[in-house]
A.B. asks: 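Below: one structure in structure tokens.
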Number of protein chains: 2
Amino acid sequence: MGLSKTEIFTDQQNEISVFAKVFGHPARVAILQHLFKIDTCVCGDLVNEIGLAQPTISQHLKELKHLGLIKGTIEGTRVCYCIDHNNWSKMKQLLLEFLNQDVAISTECC
Amino acid sequence: MGLSKTEIFTDQQNEISVFAKVFGHPARVAILQHLFKIDTCVCGDLVNEIGLAQPTISQHLKELKHLGLIKGTIEGTRVCYCIDHNNWSKMKQLLLEFLNQDVAISTECC
DNA sequence: TTGCTTCATTGCAATATTACGATGAATATG
DNA sequence: CATATTCATCGTAATATTGCAATGAAGCAA
């Protein structure tokens, strides 16, 4: 039905999947990488940087902002976006725990 | 149009998003966590463990297998699944690089 | 005020994802 | 052989995602 049955999973599992899903599109990966690379706010030139139409970029930014990974500040007619370092760290902690599950593994079977 | 424009992004960005997307569903997160927790092959009881119908589980397993994160071995009428540690490590390296972008950041702006 | 720039929102079309019943393939058991 | 078990695949319905043209809102400049 196109609808995930989130109620049968743990909060942690749902949280991991929500963050992972936002990284599940190359445009959002590219936006975040650009924000980190510039190492400061990005004011306006994201549409030229990524090769998608302005409404599309705006929509991706909205999703990133909704999860708290970036924050936008209005500056005249422009909006400046940058990474929310605090929330990025929290998300990173959650995903690192998931990705590092394999360190506890002892046996090999297959 | 529901179709990602992968051609305008780098191979690395597309790869990151492909792996992230597979973690973008709590059922697949739960399956992987269970495989790690059991620390050996899982033969058959995944449908009982996760609360979804058998065809649905089968479909999620197929996606995980397609990306190489798990491997399945036929054992009689059962199929035993386990983590592909080698590919998991490669995937982890790719995502860690992405998640750890923030360590290089010096300035704060917003 | 008029026009320009920048970004958000709306509306829509195309495609993808999720979930499951029904069915099929393969093996084991009696 | 007949039956049961286990898992994959097919088909389908419901919902989500992606992308963009059109439009709206807000500030700036002349």
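Order of the sequence lines sets the chain letters (A, B, ...), proteins ahead of strands, with each chain counted from 1. Values in this document were obtained by computation on a predicted structure and should not be read as measured data.
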A.B. asks: Whole angstrom is fine here: how far is it from CD in B/Q59 over to C1' in D/dT9?
C.D. replies: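 From B/Q59 CD to D/dT9 C1': 10 Å.
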A.B. asks: Any heavy-atom pair between the side chains of A/K21 and B/F23 that's under 4.5 Å?
C.D. replies: no
A.B. asks: Report which part of the nucleic acid A/L52 touches: base, sugar-phosphate, or nothing (heavy-atom distance under 4.0 Å, all strands).
C.D. replies: sugar-phosphate
A.B. asks: When the nearest nucleotide of DNA chain C is assigned to A/V79 and to A/K5 on a heavy-atom basis, which residue is associated with the more 5' position?
C.D. replies: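 Result: A/V79.
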A.B. asks: Between C1' on D/dT17 and NE2 on A/H66, what's the gap in Å once rounded to a whole number?
C.D. replies: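 Taking NE2 of A/H66 and C1' of D/dT17, I get 16 Å after rounding.
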A.B. asks: For B/N86, enumerate each residue passing the side-chain contact (heavy atoms from CB on, under 4.5 Å) test, keeping only those at least two apart in sequence or located in another chain.
C.D. replies: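 If we apply the side-chain contact (heavy atoms from CB on, under 4.5 Å) test to B/N86, skipping adjacent residues, the hits are B/D84, B/K90.
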A.B. asks: Can you sort out which residues in residues 11-30 of chain A have a heavy atom within less than 4.0 Å of DNA chain D? Ascending by number, please.
C.D. replies: A/K21, A/H25, A/R28
A.B. asks: Can you tell me if B/N100 and A/K92 form a side-chain donor-acceptor pair at under 3.5 Å?
C.D. replies: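 Judged by distance alone, the side chains do pair up.
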A.B. asks: Among the candidates D/dA8, D/dT18, D/dA21, find the nucleotide nearest to the side-chain atoms of B/S58.
C.D. replies: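 So the side chain of B/S58 is nearest to D/dA8.
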A.B. asks: Could you give the CD1-to-P distance, from B/I8 to D/dT18, as a whole number of Å?
C.D. replies: 13 Å
A.B. asks: Between the protein and nucleotides 26-30 of chain C, which nitrogen or oxygen pairs come in under 3.5 angstrom?
C.D. replies:
none

A.B. asks: Phosphate oxygens OP1/OP2 of C/dA19: is one of them under 4.0 Å from a side-chain N or O of B/T56?
C.D. replies: no
A.B. asks: If the cut-off is 4.0 Å, is A/H60 near the phosphate of D/dG19, judged by side-chain N/O to OP1 or OP2?
C.D. replies: yes
A.B. asks: To the nearest Å, how far apart are B/K62 NZ and C/dA19 C1'?
C.D. replies: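 Atom NZ in B/K62 sits about 15 Å away from atom C1' in C/dA19.
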